[in-house]
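When a ligand or atom number is given, it counts from 1 through the structure's own listing order.
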Amino acid sequence: MEITSMTQAMQLHARILKSGGAYDSTHAQDFHKLFTFSALSPAGDLNYARHILRTLHTPNSFYYNTMIRAYSDSPDPTHAFALFLHMQNPDDPSVAVPQPDHFTYPFVLKACSKSGHARFGKQIHGLVFKSGVGSDRYINNALIHFYSASGDPSLALKVFDKMPDRDVVSWTSIIDGFVDNERPIEAIGLFTHMIENGIEPNEVTVASVLRACADTGALNTGKRIHSFVKEKDFSSNANVSTALIDMYAKCGCIDGALQVFDETIDKDVYVWTAIIAGLASHGLCMKAIEFFEDMKKSDVKMDERAITAVLSAYRNAGLVSEGLSFFRRLKKHKIRPTIQHYGCIVDMLTRAGRLKDAEEFIRKMPIEPDAVLWRTLIWGCKLLGDVERSERLVRELELLNMDSRDTGSYVLLENVYAATGKWEEKAKTRELMYQRGLMKPPACSRIEIEGVVHEFTAGDSRHDEATTVFEKLEEVEERLRGEGYNPIVSEVLLEIDDDEKASQLLHHSEKLAVSFGLMKSSPGSVIRIVKNLRSCEDCHSFMKLISKVYQRDIIVRDRIRFHHFSGGNCSCGDHW
Ligand code: ZN
Ligand code: ZN
């Protein structure tokens, strides 16, 4: 009989006990069945499963492994640790407890990644060594995943490098680990390596490396992977289609994204969301909204991500009243707005200069506003010069922030202090960031030249051709100054004089990347740059001028959106 509910499971258990049955050969199968159901079924009961395990006198490793697996999937994976420790040191030595085997470790490691217990995970790694299962592929794959999930892809790579035999899962895990930890260039390198080693990537690998291409703006590499997808007939996989659409959109090639979308047969909510978000980020807001209407007509159930994409379309287009009425209509669709949705509205009101409305909107929210929302508003106050409001909000944020781990809030405080000349407060904020181990991520711009991604950080001389790049940049600046370029020194938030500020501005990462682009790409071709943070006003006007003076189209994707610079103008209309 198949068990389908806990009631049935308990009835079966009662029957076994009544017949005086312990865990013996006659009842083994029934125990197995009711235990597996209690532990693993969504309709099961973990506590009951644990109770059954306690009553068994000689449970084999299957019972322990299943229980640990169930805990590792549960909301509190740390229960898995206690059971694992019990396997090593049973409280009652007279009870026979099986030793951990090669199935046990991967589940415990999963519990470590999910609960963020990195130290315990490292100890497990030590035990794996000692117990002589260190070459087991299944365990090593779990270790790669564990180290990646704990934010240490370099350690994951060490495990990977030492593996005697690696399968497609090992390669995919290591590539995914680097992508997740924002090291996409290494991820692309590993993918190339994988192909060279004759390992056939699967759909998961391909989706993962496409994400790396999207992050770096590596359009040519992305196109090569697209050909591979066609060749291997992966196109019917919705995850792959989503990744392709996202890659084309983020690499500035919205036509490519639209084409993939058209060719996708099974369009799930992710495919739709990817194209809507792509269109919105390219400023094609009306088209994004049109697609959303089409999506509603299809039988795909819309989810919160699709809503975020539409709201960002309204925001980017500056369609405030339309955006607000769309937001109000969400209730009709029985959708409860998420913090991201509120964020879009706050951003939209702020950009429209409606600071008071934005503040009221935040104060009336039914859910707790996070630091990001306040930050959006304070940035707006700073841009629009509403000093009174920004200082008042900053004081509130400071209180809110006493023990925050949100790096962005500190950076914002620093910026507000710098803008108002409060250097001492600025220094204190920085000090606090250091103390709490929260460093501001360095601004970094990437550009792909002939299939190789080059990375520049501000004032960075690590690039192989750094000297020539700096020379080229100076030459560009001189030419632009002749055309009326005047550095916007108020963008530099340091206590230094204007000359020095100008030279700091000059070495912003996107300026280095664009100079490199001018050096290395063929005349007339589009220069594509991806930046991890928001562009500053000075870099923005610098790019506009280059597009005119050098007659080159430049596409910059910053953290927020795309800028298509052409003939001295930008597609964002100077709103970003
Ligand atoms: Zn800049
Ligand atoms: Zn722009």
Student check: side-chain heavy atoms of Ile339 and Leu373 closer than 4.5 Å: yes
Parallel, tilted or perpendicular: rings of Phe516 and His454 (30°, 60°): tilted
Arg354 side-chain N/O to Leu349 backbone N/O, donor-acceptor pair under 3.5 Å: no
Listed partners of Tyr342 passing side-chain hydrogen bond (donor to acceptor under 3.5 Å, both in side chains), at least two apart: none
Parallel, tilted or perpendicular: rings of His564 and His282 (30°, 60°): perpendicular
Full working for side chain to side chain contact (heavy atoms under 4.5 Å, CB included) between Ile307 and Phe327: CA-CA 9 Å; Ile307 305 286; Phe327 182 77; over 6 Å; no
Proximal heteroatom of His563 relative to the Zn ion (ligand 2) (N/O/S): ND1
Centroid-centroid under 6.0 Å between Phe261 and Trp272 rings: yes
Metal site angle (apex the Zn ion (ligand 2)), SG from Cys572 and SG from Cys570, 10 degrees: 110°
Neighbouring protein N, O or S atoms of the Zn ion (ligand 1) [cut-off: under 2.8 Å, no waters]: His508 ND1, Cys536 SG, Cys539 SG
